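Quick caveat, the model's predicted, so the values are computed rather than measured. All values below come from the heavy atoms of this structure, side chains included, with hydrogens, waters and symmetry mates left out. In what follows, residues are counted from 1 in the order of the sequence shown.
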Amino acid sequence: MGLGHEEGFGAPCLKCKDKCEGFELHYWRKICRNCKCGQEEHDILSSNEEDRKVGKLFEDTKYTTLIAKLKNDGNPVYKRNVMILTNPVPAKKNISINTVTYEWAPPVQNQTLARQYMQMLPKEKQPVAGSEGAQYRKKQLAKQLPAHDQDPSKCHELSPNEVKQMEQFVKKYKNEALGVGDVKLPGDVEARAADENNLKDGDRGTSSAVGAMEDKSSDQKASQYSCYHCKLNMKEGDPAVYAERAGYDKLWHPACFVCCTCSELLVDMIYFWKNGNLYCGRHYCDSEKPRCAGCDELIFSNEYTQAEGQNWHLKHFCCFDCDCVLAGEIYVVVNDKPVCKSCYVKNHAEICQGCHNAIDPEVQRVTYNNFNWHATQECFLCSCCSKCLIDQKFIPVEGMVFCSVECKKKMMS
């Protein structure tokens, strides 16, 4: 099964800039082999691939109206709603047209409502084509909805049993948790909630309930709507987001429709509902299954290991630098990643100011500010008279250490 190694090959890293030679996917980690950054940190023009991924997510769900089948291969593709706004701009001699394209917008018939929704998002998160917001959306699509959380073919060497378990897991979350937010005015949502309640009660007419609501003043209405996330009141004329799985009695400000774990905007309003909370796809799956810190895939095997507070496939608890297996080996954690002793000494170890050699992770060292010494009689010495300074007072000066004021003066003069 392939991981799509040809996709985005050579794309520049937005984080490392010129330090990265271009994107090259690691053979089982979901990172670049050159700079170790994730695929989402690279400028990969993959909107078609992302639309295919979301299309597959919506396949066999109630959201099939948001997808279309491609004629060439029959695969589902996401019918992303793109909104183009044109505004006349007065110029000196004539009127020019300013066009703004949103790479995604809520799929509502009322464009004014969609426009209001966009304006209520932070400017840096509005997906205007070519903007920081469009890049943010693209990054969140990769982060929140990883293809390897729903498609076994995007995973590394799953056994037939693991494939079966994954397919059952995906089917379950599509049926029980997956949803797409909708944008409406609070009054419209309230009317729908009343209809739901009336259907449940069975003894009260819808018309009387709606009529009672219409009698309320606008001031009363404004105060009765509150955001499920921030608990602040919502304005009557402002759009709100609702999630069908949560029930129509719950509303969110557009900027408050976020994952309860990472607090990021739920990309394209795609959510997962569990125990009264909204999740993005990634963190919903994390709440259900262990995730391998090495390959970033969910673990469907009964055998896996835990180390450094994280879960790992047995074959993926490896050195982050050279990929050698670390089971039963000495390793050092560097930036939350395990590194074998050999790679640590070669690539990450502190350098001794005395002998100028790398300091082994298993030996004692003396550290002062950003300077390090082997804690030995041969290395931690007065920079003037070579007196051993272990367990002695010393005077530090820019990487040098002195046993006395006299030695400091003699050396500095």
Do [X] side-chain atoms and [Y] backbone N/O form a donor-acceptor pair below 3.5 Å?
| X | Y | result |
| --- | --- | --- |
| Lys62 | Gly179 | no |
| Thr367 | Asn372 | no |
| Lys408 | Val397 | no |
| Trp104 | Pro127 | no |
| Glu162 | Phe300 | no |
| Gln144 | Val267 | yes |
| His148 | Asp296 | yes |
| Tyr271 | Phe257 | no |
| Lys274 | Ser287 | yes |
| Arg245 | Leu178 | yes |

Do the side chains of [X] and [Y] get close enough for a salt bridge, i.e. N-O under 4.0 angstrom?
| X | Y | result |
| --- | --- | --- |
| Arg80 | Asp51 | yes |
| Lys53 | Asp151 | no |
| Lys171 | Asp60 | no |
| Glu264 | Lys143 | no |

Compare all side-chain heavy atoms of [X] with those of [Y] and state whether any distance is below 4.5 angstrom.
| X | Y | answer |
| --- | --- | --- |
| Arg291 | Asp149 | yes |
| Val401 | Trp373 | yes |
| Asp323 | Tyr27 | yes |
| His156 | His313 | no |
| Asn75 | Lys56 | no |
| Asn357 | Cys352 | no |
| Asp182 | Val108 | yes |
| Lys341 | Pro361 | yes |

- Message: Using the rule given for side-chain hydrogen bond (donor to acceptor under 3.5 Å, both in side chains), can you reason through Tyr331 versus Glu308, listing the C-alpha separation, both sets of side-chain angles and the distance that settles it, and then say yes or no?
- Response: CA-CA 11 Å; Tyr331 66 89; Glu308 303 302 326; 2.9 Å; yes
For [X], does the [atom1] atom sit with more than 12 other heavy atoms under 6.0 Å from it, leaving out its own atoms?
| X | atom1 | result |
| --- | --- | --- |
| Lys231 | NZ | yes |
| Glu303 | CD | no |
| Lys174 | NZ | yes |

Minimum heavy-atom separation for [X] to [Y], with atom names?
| X | Y | result |
| --- | --- | --- |
| Lys30 | Lys154 | CE-O, 4.1 Å |
| Cys260 | Asn277 | SG-CB, 3.7 Å |
| Tyr344 | Val334 | CD1-CG2, 3.9 Å |
| Ser383 | Phe402 | CB-CE2, 3.8 Å |
| Cys227 | Trp252 | SG-CA, 3.8 Å |
| Leu278 | Val258 | CB-O, 3.7 Å |

Nearest-0.5 Å distance that lies between atom [atom1] in [X] and atom [atom2] in [Y]:
| X | Y | atom1 | atom2 | answer |
| --- | --- | --- | --- | --- |
| Asn110 | Arg115 | CG | CZ | 11.5 Å |
| Gln111 | Ile84 | CD | CD1 | 9.5 Å |
| Cys256 | His229 | SG | NE2 | 5.0 Å |
| Glu297 | Met166 | CD | CE | 7.5 Å |
| His348 | Phe320 | NE2 | CZ | 9.0 Å |
| Ile31 | Glu40 | CD1 | CD | 10.5 Å |

How are the rings of [X] and [Y] set relative to one another: parallel (under 30°), tilted (30 to 60°) or perpendicular (over 60°)?
| X | Y | answer |
| --- | --- | --- |
| Phe394 | Phe380 | perpendicular |
| Tyr228 | Trp273 | tilted |
| Trp28 | His26 | perpendicular |

- Task: Apply side-chain contact (heavy atoms from CB on, under 4.5 Å) to Cys285 and Phe272, showing your working.
- Result: CA-CA 9 Å; Cys285 290; Phe272 291 74; 5.8 Å; no
- Query: How far apart are the C-alpha atoms of Asn34 and Cys20, what are their side-chain angles, what is the distance that settles it, and do they pass the side-chain contact (heavy atoms from CB on, under 4.5 Å) test?
  - Reply: CA-CA 6 Å; Asn34 293 318; Cys20 177; 4.1 Å; yes
- Task: Report yes or no: is the cationic atom of Lys138 (NZ for Lys, CZ for Arg) under 6.0 Å from the centre of the six-membered ring of Tyr136, at an angle within 45° of the ring normal?
- Result: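 Judged by the rule (NZ or CZ under 6.0 Å from the ring centre, within 45° of its axis), Lys138 is not positioned above Tyr136.
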- Could you walk me through whether Glu50 and Leu145 pass the side-chain contact (heavy atoms from CB on, under 4.5 Å) test, one step at a time? CA-CA 9 Å; Glu50 294 293 356; Leu145 302 171; over 6 Å; no
- Item | Worked check of side-chain contact (heavy atoms from CB on, under 4.5 Å) between Leu326 and Cys340 | CA-CA 7 Å; Leu326 294 174; Cys340 70; 3.8 Å; yes
- Query: Going through the distances and angles, do Asp268 and Arg137 end up as a salt bridge (charged side-chain N to carboxylate O under 4.0 Å, His left out)?
  - Reply: CA-CA 8 Å; Asp268 293 12; Arg137 174 184 172 270; 2.9 Å; yes
